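First the proteins, then the strands, lettered A, B, ... as listed; each starts at 1. What you are looking at is a predicted structure, and each value in this text was computed from that prediction instead of being measured.
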Amino acid sequence: MRTLIKHALAATEPRDFIQLGGWVRTRRDSKDFSFLELNDGSCFASIQVVADAGIPGYEQIADFTTGSSAVVEGSLVASPAAGQKWEVKARNIRLIGTADATYPLQKKGHTLEFLRTIAHLRPRSNLFGAVFRMRSKLALAVHEFFQSRDFVYVQTPIITASDCEGAGEMFRVTTLKGNIDEQPTTDFFGKKAYLTVSGQLEGETFACALSNIYTFGPTFRAENSNTARHAAEFWMIEPEMAFCDLQGDMDLAEEFIKSLAKYALEHCAEDLGFFAKFVDKGLPERLKFVVERPFVRVPYTEAVDILTKSGKKFEFSVVYGQNLQSEHERFLTEEHFKSPTTVFNYPRDIKPFYMRVNDDGKTVTAMDVLVPGIGEVIGGAQREERPDVLVEQMKHHNLNPADYWWYADLRKYGTVPHAGFGLGFERLIMFLTAVSNIRDVIPFARTPGNAEF
RNA sequence: UCCAGAGUAGCUCAAUGGUAGAGCACGCGGCUGUUAACCGUGUGGUUGUAGGUUCGAGUCCUACCUCUGGAGCCA
């Protein structure tokens, strides 16, 4: 029965028999014995195996190369040398799969760019093992956060005919051959269909029935974006709450980010330690800061004031009524407030139709949560629940209300104030690991011109 | 898509317009309860692609490809 290395290393006492399986990270030969570093990905650390010459399997010792796979049986004993608490005194070693000299992962630091070209092997590296173990833990933390607050998990469709306006270009889904625009009525769904850019509109229908819901699934944007924080396929978390206003929305967003940072600190210490050592020394401090300190909240108008009066020279000037540029957002979070910052009440014209119009008639209840180093991780709003205003908003944005008949029905029958937001899961992982490129926190990144794996 | 930068050995990088090198990896030898082991030694190249300038191009020019950083779109 195989034991995971994670459990072997957590042992409280020696064990007479243990079986381990994993991949050889490195081998150090002595005259009469060899050290094998075995890693199975169950935890960050590898385990040291001591194999004496003469034990079964040792005749193949030269083939236990970096990258090869092996099963080892022996006893778990306290290590006499510094560097590890436990090691395995092998009784036999079995080579399962060889890895010849062409194995691309070497016993040294590789650039992230190179590792992206071997995305099928990079999970075997220290950094990517840590990233994907942590990603898994955080996915669980997302569900725990919402489930413990009685939110219902809703799986909104991946294929959709509705364009969540403002969310970007969509991938067309079709079974038509030739000219796919000629007769959409003969297409598989009888109309044009796309990969979803957001589950929000569908999510709202469930919030207006089950009160508090969340989605957590893949999302697609066909934008030709070439940046470290955009991908064509990413995972988004979208809570939606009935009987909730913008304040409640901002409260939940802040609580959510704090909760995940706390979860990472409590459950991912070993992997976080690696990020702190090799990626960003300030990471643990930053996470503690996020957990302990309230986020800054500032209305858009005030944010513009701060930027205007800062005396800072920006490449793009600050203009009221226009979107904040990346450099403006960075100034607010990284220099002015030095804290995660929620900006709210944006001008109506630069935000989508479904956001609730404020009493001033000029702004809507939009809110963006900005974090240092990443920028926007959350975008959300209180939704327009007044039927007449919603229709007016659609027209204002040049949309045909008939296309959104079922969405408008939510306001026609038992409308309620409700609010929600979208959080990019990868961006959150970037923030919590300090890994600065989105391509390195998703198993197989889809970006323009890149879908090899 | 726009702006900037970079493509040289398996990897990370050197090389004034004049004989393409080093470290690591890998092979061989040695040494050692070792820790990305160490010491010696050897193998390793169509300098991203296609043109051009020049007696001579890794180096200069043009186009294209790829990647990186920044910007826009946003999560």
Enquirer: Consider the side chain of A:S79, meaning its heavy atoms from C-beta on, and name the nucleotide among B:U35, B:A75, B:G33 that approaches it most closely.
Expert: B:G33
Enquirer: For RNA chain B, find the residues of residues 9-28 of chain A with a heavy-atom distance under 4.0 Å and give them by number; none if there aren't any.
Expert: A:T26, A:R28
Enquirer: Just checking, is any N or O donor in the side chain of A:Y58 or A:S34 under 3.5 Å from an acceptor N or O on the other one?
Expert: yes
Enquirer: Look at the side chain of A:N226 and the base of B:U1, then say whether one donor and one acceptor between them are separated by less than 3.5 Å.
Expert: yes
Enquirer: If you only use heavy atoms from C-beta on, which nucleotide in B:C26, B:G33, B:G72 is closest to the side chain of A:S225?
Expert: B:G72
Enquirer: Rounded to whole angstroms, how far apart are CG on A:L324 and P on B:A71?
Expert: 14 Å
Enquirer: Which nucleotide in the set B:A37, B:C67, B:G33 lies at the smallest distance from any side-chain heavy atom of A:K107?
Expert: B:A37
Enquirer: Under 4.0 Å, heavy atoms only, any strand: does A:P104 hit a base, just the sugar-phosphate, or nothing?
Expert: nothing
Enquirer: Which one is paired to B:G56, where only Watson-Crick or G-U wobble pairs with both distances under 3.5 angstrom count?
Expert: none
Enquirer: Taking OP1 and OP2 of B:U12, is either one under 4.0 Å from a side-chain nitrogen or oxygen of A:T111?
Expert: yes
Enquirer: Could you check which of B:U34, B:C31, B:U68 has an atom nearest any side-chain atom of A:K31?
Expert: B:C31
Enquirer: Under 4.0 Å between any heavy atoms, over every strand shown, what does A:E113 touch: base, sugar-phosphate, or nothing? Just pick one.
Expert: sugar-phosphate
Enquirer: Pairing check on B:U12: which nucleotide meets the Watson-Crick or G-U wobble criteria with it, both distances under 3.5 Å?
Expert: B:A22
Enquirer: Classify the nucleic acid contact of A:F114 as base, sugar-phosphate or nothing, counting any heavy atom under 4.0 Å across all strands shown.
Expert: sugar-phosphate
Enquirer: Assign A:G375 to base, sugar-phosphate, or nothing according to its heavy-atom contacts below 4.0 angstrom with the strands shown.
Expert: nothing
Enquirer: Which is true for A:T227 with a 4.0 Å heavy-atom rule: it touches a base, it touches only sugar-phosphate, or it touches nothing?
Expert: base
Enquirer: Now, which nucleotide makes the Watson-Crick or G-U wobble pair with B:C64, with each of the two distances under 3.5 Å?
Expert: B:G48
Enquirer: As a test of reading the structure: which of B:C11, B:U35, B:C74 is closest to the side chain of A:Q84, going by heavy atoms?
Expert: B:U35
Enquirer: Could you give the distance separating B:A6 and B:G48 at their P atoms, to the nearest angstrom?
Expert: 13 Å
Enquirer: NA contact type, A:E87, heavy-atom cut-off 4.0 Å: base, sugar-phosphate, or nothing?
Expert: base
Enquirer: Think A:S326 has a side-chain N or O under 4.0 angstrom from the OP1 or OP2 of B:G72?
Expert: yes
Enquirer: Can you check whether A:R229 has a side-chain N or O nearer than 4.0 Å to OP1 or OP2 of B:A71?
Expert: yes
Enquirer: Under the ring-ring contact (aromatic ring centres under 6.0 Å, His included) rule, what do A:F314 and A:F331 come out as? Steps first, then yes or no, please.
Expert: CA-CA 10 Å; A:F314 293 110; A:F331 175 81; 5.6 Å; yes
Enquirer: Just call it for A:Q48: base, sugar-phosphate, or nothing, with non-hydrogen atoms closer than 4.0 Å on any strand.
Expert: base
Enquirer: Okay, side chain of A:R172, backbone of A:K192: is any donor-acceptor separation there less than 3.5 Å?
Expert: no
Enquirer: Looking for any heavy atom pair under 4.0 Å, which part of the strands does A:N437 touch: base, sugar-phosphate only, or nothing?
Expert: sugar-phosphate
Enquirer: Report yes if at least one side-chain N or O of A:Q325 is closer than 4.0 Å to OP1 or OP2 of B:G72; otherwise report no.
Expert: yes
Enquirer: Can you figure out which of B:G72, B:A25, B:U12 approaches the side chain of A:Q106 most closely?
Expert: B:A25
Enquirer: I'd like to check A:L390 versus A:Y407 (side-chain heavy atoms, cut-off strictly below 4.5 Å). Are they in contact?
Expert: yes
Enquirer: Quickly work out the A:D249 CG to B:A75 P distance and round it to whole Å.
Expert: 13 Å
Enquirer: In whole angstrom, what separates A:L115's CG from B:G10's P?
Expert: 17 Å
Enquirer: Tell me: CG of A:D368 to P of B:C74, nearest whole Å?
Expert: 10 Å
Enquirer: Would A:F295 and A:F337 count as a ring-ring contact (aromatic ring centres under 6.0 Å, His included) here? Give the steps.
Expert: CA-CA 9 Å; A:F295 293 6; A:F337 294 125; over 10 Å; no
Enquirer: If you only use heavy atoms from C-beta on, which nucleotide in B:C11, B:C74, B:C67 is closest to the side chain of A:N450?
Expert: B:C67
Enquirer: Between A:L105 (CG) and B:A25 (P), how many Å, whole number?
Expert: 14 Å
Enquirer: Identify whether any heavy atom of A:I237 sits under 4.0 Å from a base atom; if not, whether one sits that close to sugar-phosphate; answer base, sugar-phosphate or nothing.
Expert: nothing
Enquirer: Is there aromatic stacking of A:F234 on B:A75 here, judged by a ring-centre distance under 5.5 Å and a plane angle under 30°?
Expert: yes
Enquirer: Less than 3.5 Å between a donor and an acceptor, one on the side chain of A:R221 and one on the base of B:A75, is that the case here?
Expert: yes
